[in-house]
Asks: 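Following this message is one structure expressed as structure tokens.
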There are 2 protein chains.
Amino acid sequence: MSSLEVRNIGCLATPVGTTARRGKEQGEIRRIANAAVRAENGRFVFVGGDADYAREHAGKAAEISIDAAGRAVIPGLVDAHTHPVWLGDRGAEIGRRLAGETYATIAAEGGGINATVRATRAGSDAALSSTVRGRLRAMLAHGTTTAEAKSGYGLTVRDEIRALELLRSLGGDPDLPRLVPTVLAAHEIPPEFQHDRGEWVRLVAEEIVPRAARENLARFADVFCEQGVFTVEESRTILESARQAGLGLRVHADELALSGGARLAAELRAASADHLLFIGAGEIAALAAAGTVAVVLPGTAWWMRSRRAPARDLVAAGVPVAIASDANPGTCFTESLPSVAAHACLDSGLSVEETLTGMTLNAAASLGLAAEVGSLEPGKRADLVVLDAPDDRHLVYHWGVNLAATVVRDGRIAWSRPS
Amino acid sequence: MSSLEVRNIGCLATPVGTTARRGKEQGEIRRIANAAVRAENGRFVFVGGDADYAREHAGKAAEISIDAAGRAVIPGLVDAHTHPVWLGDRGAEIGRRLAGETYATIAAEGGGINATVRATRAGSDAALSSTVRGRLRAMLAHGTTTAEAKSGYGLTVRDEIRALELLRSLGGDPDLPRLVPTVLAAHEIPPEFQHDRGEWVRLVAEEIVPRAARENLARFADVFCEQGVFTVEESRTILESARQAGLGLRVHADELALSGGARLAAELRAASADHLLFIGAGEIAALAAAGTVAVVLPGTAWWMRSRRAPARDLVAAGVPVAIASDANPGTCFTESLPSVAAHACLDSGLSVEETLTGMTLNAAASLGLAAEVGSLEPGKRADLVVLDAPDDRHLVYHWGVNLAATVVRDGRIAWSRPS
């Protein structure tokens, strides 16, 4: 029987529960000073005070024993929105955009998302696998033990399936985050279908999505429902096909304008509606009524120099809010969910506690995993992060550097900072 | 004779020159593809194409040979404004501020800067030394090879001198950034002098500053010239004493309101005026005429949820702009200058190239070191960073993670990412 203990935790901080936390509950974090945890067979069996632990588990050995030395421990982070499967380099393009050129100019020259699609399609399986593995490994090293991961830079039947097959093969690696794959063939109209978009929508709805479900390559389907990308009707067609195939639903909604994505997500009772920069009170109420999790991506809003999602209004209306990285090559290139978290606080007005719930339990709830991960509680999978800090608040306060000292996934040390 | 070479550099990027770059020059970065550099006795002797290097230096061995493997190389970063000498933990206070409480409320309960001052005074020399060393080591690991470092959390004669003596002792460590110490006894009116502020100004101007100069403990003096802190007249008294003692001048100017700090810096031809959030066109013109470097601290403006310094206007007016971290426990707790740099681009509208000049050559110029560091050129000290990226633009583009793979200071590997 494998066992792990963490002793001498200065501050253990976690949300509590097996469902999404909304309203005031989103900011309720249980903090235990002088804490300990124990895991057996990959699940927590004890979370509490170190003195209680010493009494209750006296004499029991642990195969792995970590001395937190007064530092903080939080749940393994859950990143509910990532795009890790891509190749190519758009550094020069980003430099031009930061110097004032528009995305439209660059896209007209073959840059933008199509540059990523071309490079991803052209890359070998080996190159793609090694690059994506490196990215996921970096996510884990910054504290992410569960990550949703989307396809969407293949945009052919073959290349979308290749992306999902790669995620399945990497999903078995205990040194990477636990992966929750999402088919996002509806990320963009591929260049080949610019003049026959209906045919691409048909391919996605009738071939790619059902196949991804049938071959167990995805748990969710997602659509970029937006002005200039997929219309509400096209999005509905794809999402209804996904629902029929047994997949959960996620929606890129109202990122660039109020386009109807959040309304559609609520109507279809999607697991999540993501971005939400342009939603208003009506959309917020619809999400609250539907029980859809709002996945807020504050790193992306910052990088796009756009408005911010109304995170405070979402919390006030009782919509569970998750905070995710949106890791992607065009609008938010980072593997660090904590770096994004600081923006949730500073740009979007969430408290540290609301943000911590947002990148643990509420993110897990949006992935249908709230009973399994997202908090430090007996019975849940033993995922945790030892921070190089006295306190969980440092995850936001001490920004721009990686505070993860040790990352445990399934009761096993998956990463430790080299000394 | 010690020697080092870096071969196979995919993209070498550097500003050029031995003086501050202003106006359009701030954005002029020399990029060399397929480059190499060589250093002997701690200084560059070759910076150019790898093919030229192979020809010119054929057969010459190098004690240290780094294969950049197609990655980017930039100058060692120069951080022109840091506050690394402190103890204590204000994580809980920051959490309260992010949840909506005001600094005034927290300060009235004994929090804020005075909490840091109390903890710093109370800490042992050993604790202070080891903590500050760790912080400086983290700066180096994020690419900073030269750092200005201020006292200012002692606020007694003894404690200010202790901070500067610590910086001198750490300054000899080749695994830390090269340190440029600044006496900032005028960081705040100490609690003991709240009712006799004139006496503290006298102590700073007549005792601490002259002693710091006489004992060679500081190269610069700085004053927090601001409404509610030190008046323009108090600041002038202290800065004139510093000038007479042979120190260079820096000024915390117009951070919280238009308080006269930038005007004073220009009048006294200070080396730098720092923060500058509230300056207008008149102050900008005065800085340009004086040749004072504007040290912009965009991480702090972000954390304070304040306005941004008018970086674009400063560049347009011909003021050399430096970008610095302001690393400190109250308003910007990070050791990563690149993390701050992303805010210079996204929040303040600088290009990647202007930002790179701002955290290398212009920062060096503000420290009187532009002939020594801040660019990759023969004759300068061999400080460089190998980035885990194909291109220098990734330093901003690929944000929130540490891209430094190898950091060289004085021709010697000072830090390398553990594999």
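In what follows, chains carry the letters A, B, and so on, assigned in the order in which the sequence lines appear, proteins first and then strands, with residues in each chain numbered from 1.
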Asks: For Arg30(A), does the CZ atom sit with more than 12 other heavy atoms under 6.0 Å from it, leaving out its own atoms?
Replies: no

Asks: Which of parallel (below 30°), tilted (30 to 60°) and perpendicular (above 60°) describes Trp302(A) and Trp399(B)?
Replies: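 Judged by the thresholds at 30° and 60°, the geometry between Trp302(A) and Trp399(B) is perpendicular.
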
Asks: Let's test your reading of the structure: which of Ser336(B), Gly91(B), Gly299(B) forms the most heavy-atom pairs below 4.5 Å with chain A?
Replies: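 Of Ser336(B), Gly91(B), Gly299(B), Gly91(B) has the most heavy-atom pairs under 4.5 Å with chain A.
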
Asks: Could you look at Ala141(A) and say if it's the side chain, the backbone, both or neither that has a heavy atom under 4.5 Å from chain B?
Replies: neither

Asks: Please flag which part of Pro338(A) lies under 4.5 Å from any non-hydrogen atom of chain B: side chain, backbone, both or neither.
Replies: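 Neither the backbone nor the side chain of Pro338(A) comes within 4.5 Å of chain B.
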
Asks: Counting only N and O atoms by type, is there a donor-acceptor contact under 3.5 Å from the side chain of Ser339(B) to the main-chain atoms of Gly400(A)?
Replies: yes

Asks: So do the side chains of His394(A) and Asp89(B) get within less than 4.5 Å of each other, counting heavy atoms only?
Replies: yes

Asks: Which bit of Ala389(A) is near chain B, if near means a heavy-atom gap under 4.5 Å: side chain, backbone, both or neither?
Replies: neither

Asks: Between Tyr397(B) and Pro329(A), is there a donor-acceptor pair closer than 3.5 Å when you use the side chain of the first and the backbone of the second?
Replies: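 Indeed, once roles are kept as given, a pair shorter than 3.5 Å links the two residues.
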
Asks: CG/Asp391(A) to CD1/Ile94(B) distance, rounded to the nearest 0.5 angstrom?
Replies: 11.0 Å

Asks: Which atoms of His398(A) come close to chain B, meaning under 4.5 Å heavy atom to heavy atom: side chain ones, backbone ones, both, or neither?
Replies: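 Answer is both: backbone and side chain atoms of His398(A) are under 4.5 Å from chain B.
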
Asks: What part of Leu346(A) gets closer than 4.5 Å to chain B, counting heavy atoms only: side chain, backbone, both or neither?
Replies: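 Both backbone and side chain of Leu346(A) come within 4.5 Å of chain B.
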
Asks: Checking heavy atoms, do the side chain of Arg90(B), its backbone, both or neither come under 4.5 Å from chain A?
Replies: both

Asks: Any heavy-atom pair between the side chains of Leu98(A) and Ser351(B) that's under 4.5 Å?
Replies: no

Asks: Which bit of Arg96(A) comes within less than 4.5 Å of chain B, counting heavy atoms only: side chain, backbone, both or neither?
Replies: neither

Asks: Give the intermediate values and the outcome of ring pair (Phe, Tyr, Trp, His ring centres under 6.0 Å) for residues His343(A) and Trp303(B).
Replies: CA-CA 10 Å; His343(A) 286 273; Trp303(B) 258 85; 10.0 Å; no

Asks: Do Thr334(B) and Val401(A) have side chains that approach each other closer than 4.5 Å (heavy atoms only, starting at C-beta)?
Replies: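 Thr334(B) vs Val401(A): side chains touch.
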
Asks: Identify which of Ala92(A), Pro418(A), Ala99(A), Pro390(A) forms the greatest number of heavy-atom pairs closer than 4.5 Å to chain B.
Replies: Ala92(A)

